[in-house]
S.K.: 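One structure, pasted below without further comment.
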Protein chains: 2
Amino acid sequence: MTQSKTDPRVLRTRKLIMDSFIELSGKKEFKDITVKDITTEAKINRATFYYHFEDIYDLLDKVLSEVLLINFNSIDFEKSELNEASIIDIFVAITDFQKAISNRCHRGYDETIARIIREQLEIIFYGMLRKQHTTEEDESLRITAVILSWGVYGASVEWRRNRKESSPEEFIKSAIPFLISGIEHV
Amino acid sequence: MTQSKTDPRVLRTRKLIMDSFIELSGKKEFKDITVKDITTEAKINRATFYYHFEDIYDLLDKVLSEVLLINFNSIDFEKSELNEASIIDIFVAITDFQKAISNRCHRGYDETIARIIREQLEIIFYGMLRKQHTTEEDESLRITAVILSWGVYGASVEWRRNRKESSPEEFIKSAIPFLISGIEHV
DNA sequence: TTCCATTTGTCGTTTATGCAACACATTGAT
DNA sequence: ATCAATGTGTTGCATAAACGACAAATGGAA
């Protein structure tokens, strides 16, 4: 596992597994998908699956993270600071992701999806905060990232509950003043 | 190499190489395609190429054979005997193949394509003759297959030369009486 | 021509994948 | 409840593929 990320065999095999899982997710519920199904579809050996993933839940984690990251990748985190525009971008990316997932996959993913989204949000917020507040204490930035991630994720839950009322952009805008002032006074 | 044909790794790698070669054939002439180009496109190691193919000419051979076989596979050789209908099917398959190849690939393949087609024809004719004449001497069937393969291939050359005169079906039909009677009197 | 860069085959070593077998859990039908 | 079938996670060994290096061949440009 030293530099396994760059070995072409590893990249190919992981893609085969993930693509097969996504393919199967369009046909069955998660609870009905077995490791054997996946490896048969991917035409790889079952032992190879366990070389890359602990179990099927580990695979689910990584697939969802990756799909979410693709949504996030349209946002250029290098340039963007943590301001109104970037928060709106992130919020829209989350709601887009949830729409895509709930269309493609069947029920039973909800808690996992929630966790993935929040974890990824925390990572992204922490990274952006650190760029913006290089002088601050690290622990303080970490906690801020946690709170932001839970808050923004919660907002997405709330928006889905009343989704007919407003667009995601409008919805999150009403929370922007609170978030921004909090960030600035970290 | 004992049962390497069924090892999933081998099947995957060969497909990667062949697909990359076909892809590159659409962009460059054969003489400008290097082994390195292919392995780079396929994202496999160059040494792995030489594990499967002697050189780039060996690859060309096998790719063309395989593409031609796909054309032939639409004909059910298990059921069909060597009669008017199957000869027409085979002839049409050849002309279709040549049309497809000359559209996709650039010049310089001609002699190789000719050899491949004739060799495949010989194999197919021999197999069909052996089913039909189980009692005959083997050498006699082999020679018949050789003559048939050269004859039918030559007919395809002739048809391409005057291709506007008639459809391939009509064209080969005029030779059917000769071929059939010859086959029956092997 | 000479020089320099690129490609070609080949080799030895390391790593990833295939495969068969195993004990154990889960499931489904009778 | 039982039994058979299927899935899970793991292991040891066989083999394909990756990698880096090498000498030789090829092919342009000076």
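Numbers restart at 1 for each chain; the letters A, B, ... are given by sequence-line order, proteins then strands. All of these numbers come straight from a predicted model, not from anything done at the bench.
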S.K.: Among Ile, Leu, Val, Met, Phe, Trp and Tyr joined by side-chain contacts under 4.5 Å, find the other residues sharing a cluster with W150(A) and list them by chain and number.
M.R.: V146(A)
S.K.: Starting at CZ of F53(B) and ending at P of dT8(C), how long is that distance when rounded to a whole Å?
M.R.: 15 Å
S.K.: Taking side-chain contact (heavy atoms from CB on, under 4.5 Å) as the test, write out the residues that go with A42(B), two or more places apart.
M.R.: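 Partners of A42(B) under the side-chain contact (heavy atoms from CB on, under 4.5 Å) test: L16(B), S20(B), I44(B).
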S.K.: Would you please name every residue forming a ring pair (Phe, Tyr, Trp, His ring centres under 6.0 Å) with Y57(B), sequence neighbours left out?
M.R.: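 Ring pair (Phe, Tyr, Trp, His ring centres under 6.0 Å) check on Y57(B) returns F30(B).
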S.K.: At less than 4.0 Å, is any side-chain N or O atom of H52(B) found next to OP1 or OP2 of dA17(D)? Yes or no.
M.R.: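 Result: yes.
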S.K.: Roughly how many Å is it from CG in L11(B) to C1' in dT15(D), rounded to a whole number?
M.R.: 14 Å
S.K.: For dA18(D), does either OP1 or OP2 sit under 4.0 Å from a side-chain N or O belonging to R12(A)?
M.R.: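 The answer is yes; a side-chain N or O of R12(A) sits under 4.0 Å from OP1 or OP2.
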S.K.: What residues, two or more places apart in sequence or in another chain, satisfy side-chain contact (heavy atoms from CB on, under 4.5 Å) together with T40(B)?
M.R.: K36(B)
S.K.: What is the distance, rounded to the nearest whole Å, between atom CZ of R9(A) and atom P of dT15(C)?
M.R.: 10 Å
S.K.: Find the distance between CD1 (I116(B)) and CG (D61(B)) and round it off to the nearest 0.5 Å.
M.R.: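 Atom-to-atom, I116(B):CD1 and D61(B):CG are 4.0 Å apart.
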S.K.: Would you kindly give the CG-to-C1' distance between D7(B) and dA17(D), to the nearest whole Å?
M.R.: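 Answer to the nearest Å: 11 Å.
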S.K.: What integer distance in Å separates I44(A):CD1 from dA17(D):C1'?
M.R.: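 It is 16 Å, rounded to the nearest whole Å.
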S.K.: Atom CD1 of I17(B) to atom P of dA16(D): distance rounded to whole Å?
M.R.: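 Value for this atom pair: 14 Å.
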S.K.: Any chance you could measure D37(A), atom CG, to T39(A), atom OG1, to the nearest 0.5 Å?
M.R.: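 Output value for this atom pair is 8.0 Å.
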S.K.: Check the distance between dA16(C)'s C1' and N45(B)'s CG and give it to me in whole angstrom.
M.R.: 13 Å
S.K.: List the residues meeting side-chain contact (heavy atoms from CB on, under 4.5 Å) with E119(B), not counting sequence neighbours, and say none if there are none.
M.R.: R115(B)
S.K.: How many whole angstroms separate atom OH of Y51(A) from atom P of dA16(D)?
M.R.: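 Distance check: Y51(A) OH to dA16(D) P gives 18 Å.
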S.K.: Tell me, please, which residues at least two apart from E84(B) pass salt bridge (charged side-chain N to carboxylate O under 4.0 Å, His left out).
M.R.: none
S.K.: How far does the helix from dT1(C)-dA30(D) to dT30(C)-dA1(D) bend, going by the axes of its first and last five pairs, to the nearest 10°?
M.R.: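 That helix gives 50° between its end axes.
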S.K.: N/O contacts under 3.5 Å, protein versus nucleotides 4-12 of chain D?
M.R.:
unit_1 : atom_1 : unit_2 : atom_2 : d
dG7(D) : OP2    : K36(A) : NZ     : 3.4
dT8(D) : OP1    : V35(A) : N      : 3.1
dT8(D) : OP2    : V35(A) : N      : 3.3
dT8(D) : OP2    : K36(A) : N      : 3.2
dG9(D) : OP2    : Y50(A) : OH     : 3.0
dG9(D) : N7     : R46(A) : NH1    : 2.9
dG9(D) : O6     : R46(A) : NH2    : 3.0

S.K.: How would you list all residue pairs meeting salt bridge (charged side-chain N to carboxylate O under 4.0 Å, His left out) that involve residues 38-53 of chain A, not counting sequence neighbours?
M.R.: none
